[in-house]
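These numbers come from a predicted model, not from an experiment. The sequence lines fix the lettering, A, B, ..., with proteins before strands; numbering per chain opens at 1.
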2 protein chains.
Amino acid sequence: MSQWSGHARQALEGAGYRSSSPRAAVVDAVAELGCSVTAREISDLLVRRGQAVGLASIYRALDLLERLRLVQRFEVGEGAARYEPVQPGGEHHHHLVCESCGEVSAFEDPALERAIERLSSRVDYAVGAHDVTLRGECPACHAR
Amino acid sequence: MSQWSGHARQALEGAGYRSSSPRAAVVDAVAELGCSVTAREISDLLVRRGQAVGLASIYRALDLLERLRLVQRFEVGEGAARYEPVQPGGEHHHHLVCESCGEVSAFEDPALERAIERLSSRVDYAVGAHDVTLRGECPACHAR
DNA sequence: GTGAATGCAAACTCTTTGCATGACT
DNA sequence: AGTCATGCAAAGAGTTTGCATTCAC
């Protein structure tokens, strides 16, 4: 994951963007928090660390990272957008959302990826990305 | 689709909810607009028809329909939630979103459903629902 | 008649934007 | 020096909530 932050900084620089410390702090926070982060969570982490960055700048940084395809934005229906680092290798995962407690966890499934790939070549859209969300109850909530 | 509105009204009544005309109008609007509707789109349709219903009541009705699993809520990243009727038979589809013009269209794919089903039984969540979004360019935007 | 549903307006949350200040190259 | 980036505060959009009124049963 730390390898992602290097990748991201390099990509930003290569695209001609300045490497200011607020921006770098956001990149680090995304790298550290990893899968499924909220703008507010990034802000909270940076405040705790004493590197507070204005929320507006966090959104601007995330927006930029998204345009450079360094993060992917998605929503699971809590009103807040979630972001996660895009791995340079292309590996990626999808999400399980617990409808009781809101927990978001990740899974990978090659068979699912293959099905989506085959499907993508069949539809009339030029498909560039996809995401899958499974909803249900996490083991902890289910036990009750 | 009209069969859905009957199903929905019956389910509402059966669950002990009053059948007021604003609520019925929302059900009809969802049935008519079908796949992928926004609260504002419902409101606009009802205004055009002269059956205007307050936005708050539309949200309350949608919320209720969702709790009764008569509609499913999802978001494709435009800030507004989308809703669609849940067919009693269980047939369902997923969505293609054009990243250029925002158009949302639907597709079905049995192979994808099978992959998700197999996957669902393997994860440690009790999976109750799923959704898949493919993002890319629609044929019209791609032509440019 | 009684409790549920509605409508309006105010409140909230998340996100974006305008603008003056400050920082990289 | 010249931009680009930041921070703050205000503006926006979507959604929710409080409360008095209306309506279904």
Side-chain angles (χ1 to χ4, degrees), chain A residues 8-30 36-44 46-47 49-68 70-83 102 104, chain B residues 8-30 36-44 46-47 49-68 70-83 102 104:
Chain A
R9 283 192 202 188
Q10 210 172 311
L12 282 168
E13 223 174 295
Y17 294 98
R18 293 185 181 171
S19 69
S20 65
S21 56
R23 197 127 75 189
V26 172
V27 170
D28 283 348
V30 171
S36 195
V37 200
T38 260
R40 177 156 301 284
E41 289 165 1
I42 293 172
S43 173
D44 290 349
L46 294 178
V47 167
R49 271 197 188 153
Q51 309 185 320
V53 171
L55 255 181
S57 302
I58 293 177
Y59 280 110
R60 282 187 278 236
L62 288 170
D63 196 57
L64 180 55
L65 290 169
E66 192 190 10
R67 281 201 306 273
L68 296 178
L70 293 165
V71 301
Q72 169 147 33
R73 173 189 179 146
F74 63 98
E75 289 167 59
V76 297
E78 334 124 301
R82 295 192 161 270
Y83 297 83
V104 177
Chain B
R9 282 192 201 189
Q10 210 171 314
L12 282 168
E13 223 173 297
Y17 293 99
R18 294 184 179 173
S19 70
S20 66
S21 54
R23 196 128 74 190
V26 171
V27 170
D28 284 349
V30 171
S36 194
V37 199
T38 260
R40 176 155 302 284
E41 290 165 2
I42 293 172
S43 172
D44 290 349
L46 294 178
V47 167
R49 269 195 189 156
Q51 308 185 320
V53 171
L55 255 182
S57 301
I58 293 176
Y59 280 110
R60 283 188 277 236
L62 288 170
D63 196 55
L64 180 56
L65 291 169
E66 191 190 11
R67 281 200 307 274
L68 296 178
L70 293 165
V71 301
Q72 169 147 33
R73 173 188 178 145
F74 63 97
E75 290 168 58
V76 297
E78 336 125 301
R82 296 192 159 269
Y83 297 83
V104 177

| field | Separation of D/dT17 P from B/Asp63 CG (nearest whole Å) | value | 9 Å
| Which distance, rounded to the nearest 0.5 Å, do you find between the CG of B/Leu70 and the CG of B/Leu62? | 11.0 Å
| Atom CZ of B/Arg23 and atom P of D/dA24: how far apart are they, to the nearest Å? | 12 Å
| query | When all nucleic acid strands are considered with a 4.0 Å heavy-atom cut-off, which category describes B/Ser19: base, sugar-phosphate, or nothing? | reply | sugar-phosphate
| What is the distance, rounded to the nearest whole Å, between atom CZ of A/Arg18 and atom P of D/dG2? | 13 Å
| task | Could you tell me the separation between the CG atom of B/Leu62 and the P atom of D/dT17, rounded to a whole number of Å? | result | 15 Å
| request: Report yes if the side chains of A/Tyr83 and A/Val30 come closer than 4.5 Å at any heavy-atom pair, otherwise no. | output: no
| note | When rounded to whole Å, the CG to P distance for the pair B/Leu55 and D/dT17 reads 15 Å
| query | Taking the nucleotide of DNA chain C with the closest heavy atom to each, which residue, B/Val53 or A/Arg82, is nearer the 5' end? | reply | B/Val53
| message | Test your reading of the model: is there a side-chain donor-acceptor pair from B/Arg23 to the backbone of B/Arg18, 3.5 Å cut-off? | response | yes
| query | Where does the chain A footprint on DNA chain C start and end, counting 5' to 3' with a 4.0 Å heavy-atom cut-off? | reply | C/dC14 to C/dC24
| query | Hey, does A/Asp44 have a side-chain heavy atom less than 4.5 Å from the side chain of A/Glu41? | reply | no
| task | State the CG-CG distance between B/Leu55 and B/Leu46, to the nearest 0.5 angstrom. | result | 10.0 Å
| message | Using OP1 and OP2 only, check whether a side-chain N or O of A/Ser20 sits under 4.0 Å from D/dT6. | response | yes
| said: Both B/Ala81 and B/Ser21 contact DNA chain D. Taking the nearest nucleotide for each, which residue is further toward the 5' end? | reply: B/Ala81
Distances for protein N or O near nucleotides 9-13 of chain D N or O, under 3.5 Å:
none

| query | CD of B/Glu75 versus P of D/dG14: gap in Å, rounded? | reply | 12 Å
| task | Look up atom CD in A/Gln72 and atom CG in A/Leu65, then write down how far apart they are to the nearest 0.5 Å. | result | 13.0 Å
| remark: Heavy atoms of B/Val53 and B/Ala25 approach each other most closely as CG2-CB, 4.3 Å
| said: Rounding to an integer number of Å, can you tell me how far A/Leu65 CG sits from D/dA5 C1'? | reply: 14 Å
| task | Could you check how far CG of A/Leu12 sits from C1' of D/dC4, rounded to whole Å? | result | 14 Å
| task | Any chance you could measure B/Asp28, atom CG, to B/Arg9, atom CZ, to the nearest 0.5 Å? | result | 4.5 Å
| field | Nearest listed nucleotide, side chain of B/Ala80, among D/dA5, D/dC19, D/dT15 | value | D/dT15
| task | Ignoring backbone atoms, establish whether B/Arg60 has a side-chain N or O less than 4.0 Å from OP1 or OP2 of D/dT16. | result | no
| Euclidean distance, A/Ser20 OG relative to A/Leu12 CG, rounded to 0.5 Å | 9.5 Å
